[in-house]
Amino acid sequence: MAHWLFKTEPGEFSLADLLAAPGRTTCWGGVRNYQARNFLRDRVQLGDPVFLYHSSCAEPGIVGLMKVVRAGYPDPSCLDPESPYYDPRSRPGHIRWQAVDVRLEARVSPPLLLSKLREEPLLQGFQLLRPGNRLSIVPVTPEEWQHLIRLTNLIPP
DNA sequence: GCCAACGTTGGC
DNA sequence: GCCAACGTTGGC
């Protein structure tokens, strides 16, 4: 089992949107970066736990705990001309990008803010905190995960 | 709005 | 294959 952190801009898709989704489950698609795509295709497995992270907002931080309920599959938004994630280079049977399905398991309340994460000596190597980190699918080591879990207050969705 | 740190594109 | 120009991310 691997552990992950998925970033989203709350203006695009937020914890509130996931809470409102049927079964609190959503397709996690629209990832258009090859390294992140390879994680979704090769490394993210059914049952993996995932932190939900709000980025590019007033208070960036971890706001939820999710679980992978469907492993990698071709991202349907690639073929949808109406979607902002439409990929003109994809064709049926030749879809370039991957999606997974995730379900919200718990909220993190209060959110575990980025400013708090930066104060943690044990999270020195955490990829999320690296300057210039732009990956939206971030791997979390077991040690980092254990520490992060201790810093969260989880409440039912 | 600024800027650092990338990733991508495209000419050669 | 190289690399300059450009675009994007994301914190501040």
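We name chains A, B, ... by the order of the sequence lines, and we start the count at 1 in each one.
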A:D75 and A:R32: salt bridge (charged side-chain N to carboxylate O under 4.0 Å, His left out), yes or no, with the steps?
CA-CA 10 Å; A:D75 183 350; A:R32 298 295 181 262; 3.0 Å; yes
A:W97 and ring pair (Phe, Tyr, Trp, His ring centres under 6.0 Å): which single residue from A:W28, A:Y34, A:Y73 fits?
A:Y34
Touch class at under 4.0 angstrom, heavy-atom based, for A:R89 against every strand present:
sugar-phosphate
Would you mind classifying the nucleic acid contact of A:R32 as base, sugar-phosphate or nothing, using non-hydrogen atoms under 4.0 angstrom?
nothing
Without hydrogens or angle criteria, can the side chains of A:Y85 and A:D80 be said to hold a donor-acceptor pair below 3.5 Å?
no
Are any of the side-chain heavy atoms of A:F126 and A:T141 separated by less than 4.5 Å?
no
First and last nt of DNA chain C near chain A, cut-off under 4.0 Å to heavy atoms, 5' to 3', are C:dG7 to C:dC12
Applying salt bridge (Lys or Arg N to Asp or Glu O under 4.0 Å), name anything that partners A:E105, two or more places apart in sequence or on another chain.
A:R103
